[in-house]
Amino acid sequence: MTLELRHITKQFPGVLANDDVNLTVAEGEIVALLGENGAGKTTLMNILYGLYTPTSGEVLVDGEPLTLGSPAEAIDAGIGMVHQHFMLVPVFTVSENVILGDEPTREAGWLDMKRARKRVKEISSQYNLDVDPNAMTEDLPVGIQQRVEIIKVLERQARFVIFDEPTSVLTPMEVEGFFDIVRGLKADGKGIVFISHKLGEALELADRIVIMRRGKTVAEVLPSEVDEEKLAELMVGRPVELTVKKEEAQPGEVVLSVSNLIALDDRNQRAVNGVSLDVRAGEIVGIAGVQGNGQTELVEAITGLRQSLGGSITLAGKDITTDSPRAIHKQDVAHVPEDRQKSGLVLPFTVTENIVLDSYYENPISRGVQMHWDEAEERAERLVEEYDVRTPSTDTLVANLSGGNQQKVIVAREFDRDVTLVIASQPTRGIDVGSIEYIHSRIVEERDSGSAVLIVSSELDEIMALSDRIVVMYEGEVAGEFDGSASTTDVGLAMLGSSDTEAAAGTGGP
Ligand SMILES: Nc1ncnc2c1ncn2[C@@H]1O[C@H](COP(=O)(O)OP(=O)(O)O)[C@@H](O)[C@H]1O
Ligand SMILES: [Mg+2]
């Protein structure tokens, strides 16, 4: 049994997303499709799944061509897809979601929920998915929702399963569990396409790695023949620096000082419980921690997006505890928010509009009651060039850019002025190595030009690579403080709340 894509080309207005692509997947084989954001991976898989009609080319299952542009036929041919953004209905139970669109009926068209639940149970136990058929979908962690999508695909008898960036929403532990599931599918004879931009994952999981760059498949390799450096080079088209290059920090005056800060989360629980920390000019302080230990709320409190309940925040000696987000922004604070699509960008706006999002009301773009779009346009053109934003034009909607390029739009907007403090949350989440290298080097440049930099990341590797000092948060408190040369193991232990680490300065409070 094989699935084969032959000479697939897809032309979007202005973008050749797929350019004569060939790919085969056999049963019991895991093929990793590796490529930077925007390389054309999702487009290719959407063609395979019948969501897009290709400009030319064909898809064959066991040598039989499919009518392209018909998901129903793709499903009939045994092709299943787990999308990058899940397509589940939050207020449905697991079983309801699984049978949605493929409802088993009893006589007279009655829905057979009992049979649906039984099927979910069977599939769940066959592949060790551990999913409760009666659970309400919205209550489930993302990792489990993903398994619901997998059950949905298996329930439709898929012989080939496509996963589009499945690990980008998972924690390191969940990734291991996910890999076990995929290996189980392989053992059962399924052919797998695993889309990723993470080099280590492709090396670990795949039998074969196909690399796409700018719409073309540029290489096909075996994991045993390559290492991460080689893969990165094939992906980006030039050698990539996988480690961050920086000199010893030269810390100056304290710029940001947080003292005994208390803040609640959206459920009114104390998410930040007496946190104190300083960030000096010319240093990068990294906040490490498993997601959900108060980091998000801490950053929101510092940037004025969340009210604090106690404690104080000063910026260059001035109390900003109760300042508005705009007032804080105006005091030369750059903020790269955690969720670029929710709070960093306005997706249905153009690149230009997003670039001036925080300055449209100021001179020179706004003078009196007049908007000067030519000024905005000029700034956007300059930043697109300077920050290497890959976009057809500055009039393109940011919704149509890849994640890495969306992130560069935010970084460009935030860094293109004299800032004293940079706060960057998950600065490289879900983006490709080329963009990661670029954004990391811009962050180090900010430090070297004298800014104080606070980084929050749930990727420990990123914290270790960038930080001059590391603060670990656990359950709303500072659980440890380390210098940049600390071992990953020590920091990792503190992230789990191990009390065996040196206590941080000033966490005790008055
Ligand atoms: N519906 C669309 N209309 C126009 N351009 C698109 C559309 N979908 C994707 N593109 C463009 O096609 C290219 C490939 O995108 P995509 O397949 O999503 O890449 P990947 O999944 O590798 O990140 C990108 O330049 C993207 O902006
Ligand atoms: Mg994609």
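We count ligands from 1, going down the list as the structure has it; atoms in each ligand are counted the same way. One is the number of the first residue; the rest follow in order along the sequence. We use all heavy atoms of the structure for the numbers below, so side chains are in, but hydrogens, waters and symmetry mates are not.
Side-chain contact of Gln295 with Ser425: a donor-acceptor pair under 3.5 Å is absent, judged by distance alone. Under 3.5 Å, the side chains of Tyr127 and Asp188 contain a donor-acceptor pair of N or O atoms. Between the side chains of Asn97 and Thr137, at least one donor N or O lies within less than 3.5 Å of an accepting N or O.
The protein atom (non-hydrogen) at minimum distance from atom 12 (O) of ligand 1 is Ala17 CB, 3.5 Å. With respect to atom 27 (O) of ligand 1, the closest heavy atom belonging to the protein is Asn400 O, 3.0 Å. What sits closest to atom 14 (C) of ligand 1 on the protein, heavy atoms only, is Gly38 O, 3.4 Å. Counting only heavy atoms of the protein, atom 8 (N) of ligand 1 lies nearest to Phe12 CE1, 3.5 Å. Looking at atom 25 (O) of ligand 1, its nearest protein heavy atom turns out to be Val15 CG1, 3.5 Å.
No donor-acceptor distance shorter than 3.5 angstrom exists from the side chain of Asn405 to the backbone of Ser402, with no hydrogens or angles considered.
Residue contacts with ligand 1 for Arg390 are absent, since no atom lies close enough (heavy atoms, distance under 4.0 Å).
Nearest to atom 21 (O) of ligand 1 by heavy atom, out of Thr42, Leu44, Thr391, Ile47, is Thr42. One option in Gly40, Pro392, Ser402, Gly215 has a heavy atom closer to atom 19 (O) of ligand 1 than any other, and that option is Gly40.
Against a heavy-atom cut-off of under 4.0 Å, Tyr52 is close to the following atoms of ligand 1: 1 (N).
Ala158 and Gly80 get closest at one heavy-atom pair: CB-N, 3.9 Å.
You'll find the side chain of Met235 stays beyond 4.5 Å of the side chain of Val218, heavy atoms only. Annotation: side chain of Thr394 is not in contact with side chain of Thr350 (no heavy-atom distance under 4.5 Å). The shortest distance between side-chain heavy atoms of Ile8 and Asp20 does not fall below 4.5 Å.
Of the polar atoms of Thr43, at least one N or O is found under 3.5 Å from an N or O of ligand 1, judged by distance alone. For ligand 1, the polar-atom distance check against Ala39 finds a nitrogen or oxygen pair separated by under 3.5 Å.
Lys190 forms no cation-pi arrangement with Phe160, by the criterion of a distance under 6.0 Å to the ring centre and an angle within 45° of the ring axis.
For the ligand labelled ligand 1, residue Glu36 lies inside the 4.0 Å heavy-atom shell.
Residue Thr43: no N/O/S atom is found under 2.8 Å from the Mg ion (ligand 2).
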